[in-house]
Amino acid sequence: MDDRMCVLVTGGSGLVGRAIEHVVQEEGGKLEGEEWIFLSSKDADLVDVGQTRALFEKYRPTHVIHLAAKVGGLYLHMKSNLHFLRDNLKINDNVLQTAHDMGVTKVTMVSSIHNGPPHDSNFGYSHAKRMIDVQNRAYFKQYGRRYTAVIPTNVFGPYDNFNIENGHVLSALINKTYTAKKDGTALNVSGSGTPRRQFIYSLDLGRLIVWVLREYDEIDPIILSVAEEDEVSIKDAVEIIFDTTKSDGQMKKTASNAKLRRYLPNFTFTPLKEAIQMTCSWFVANYATARK
C-alpha cells in the first residue's frame, strides 16, 4: 500500500501559507515521509482549468490545503464584484474538481464567517467563498469525498498586508502607529474604536490548519478562533500596539470556538500582546518591503 503523503498548498506565499510553511519547516510539523509543496500565483493561474490540472499532474498531491483566492482592496471589490465572483468560483471549482478527478484524499479550504447577507461592498467575493461549503457537502454526498473548510476570524502576523489603505485592520494599524512614531506625528484612527474583533495570530492558525488536515474528518466547516471573551475593541487593540511600539466597519461579528474546544480543549493561543509584539518586530525588521 502506498502511504506516501504529498501536501500541495495553494496561495503558499501569503499570510496563512507562510504561517503553515513556518509550522511545517521550522516547528517540526513535517512528519517523516511527507512532502510539502508551497505554491504561489507564479506557478499557475488557477482560474484556468488547464493550468490547474497541469499543476496537479506535476505534483500528484494526496492532500491539498487550498488558500489561493483573487482578492483586492475595498474599492476594487466595490467596482468589480462580478470579476471577483466569477474568478473565485472558477478557482475553487477547478481545484475541487481536479482534486476529485485525481483521487486526492483530503482538501482543506478557507471560507469566511457568514450570518445573513454579505456586505454590499464585496458580495461577489463573499458569495464565492460561501459556495465552498455547498461544494464540499455535494462532493461528500455524491462521491464520499472528505473535503472541508476552516473559518478563521481576523488573522494577523508576519507576511501580512500592512498597507494602511487596504490591509487587514490590525496590520494596517501597526503600520500607521509605527509611521506616526517615526515621523513624530499624531496617530489618527478612523471611526470610534468601539467595533470589536477576535484576532488570531497567523502561526496559531497555521498550527490549527495542519491539525485539521490530519485529524478533522467532518465535512461541515470548523471555526478557528480565540474564545468569545477574548474579543477586543479596535481602541483596545490600538492601545496594545501603542504600548509595544517597536514599531469602522461592522460593529461586531463574534464567532464561537466551542466546536474547536471540543476537539482541542488544551490548545493554547498566543496571547494577543505577545503576538502583536512579534508582528511589530517582524514589520520593523522588514519595513522596506512590508508596506505593500
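Only heavy atoms go into these numbers, but all of them, side chains included; no hydrogens, no water, no symmetry mates. Numbers here simply count residues along the sequence, with the first being 1.
Between Y216 and the options K259, K106, R146, a side chain to side chain donor-acceptor pair (under 3.5 Å) holds for only K259. Checking each of R145, Q142, Q135 against H100 for a side chain to side chain donor-acceptor pair (under 3.5 Å) leaves exactly one that passes, namely R145.
Between L15 and N161, every side-chain heavy-atom pair lies at or beyond the 4.5 Å cut-off.
Both Y263 and I65 are assigned to one and the same hydrophobic cluster, defined by single-linkage of ILVMFWY side chains at heavy-atom distances under 4.5 Å. By the rule that hydrophobic residues join a cluster once side-chain heavy atoms approach within less than 4.5 Å of another member, I132 and I151 end up as members of separate clusters. Cluster membership for F283 and V169, using ILVMFWY side-chain heavy atoms within less than 4.5 angstrom, is shared.
A donor-acceptor distance shorter than 3.5 angstrom exists from the side chain of R261 to the backbone of L264, with no hydrogens or angles considered. Looking only at distances, a side-chain donor or acceptor of T52 sits under 3.5 Å from a matching main-chain atom of L46. A donor-acceptor pair under 3.5 Å is formed between the side chain of S233 and the backbone N or O of D236.
Salt bridge status for D204 with R207: present, with a side-chain N to carboxylate O gap under 4.0 Å. Of the charged side-chain nitrogens involved, none lies within less than 4.0 Å of a carboxylate oxygen, so that R60 and E35 do not count as a salt-bridged pair. Electrostatic pairing of K90 and D48 does not count as a salt bridge here, judged by no charged N lying under 4.0 Å from a carboxylate O.
Ring orientation note: the planes of H77 and Y125 are nearly perpendicular, at an angle over 60° on the 30°/60° scale.
In this structure, the ring of Y201 has its center no less than 6.0 angstrom from the ring center of F269. In this structure, W211 has its ring center at least 6.0 angstrom away from the ring center of F267. Ring-centre distance between Y178 and Y287: below the 6.0 Å cut-off.
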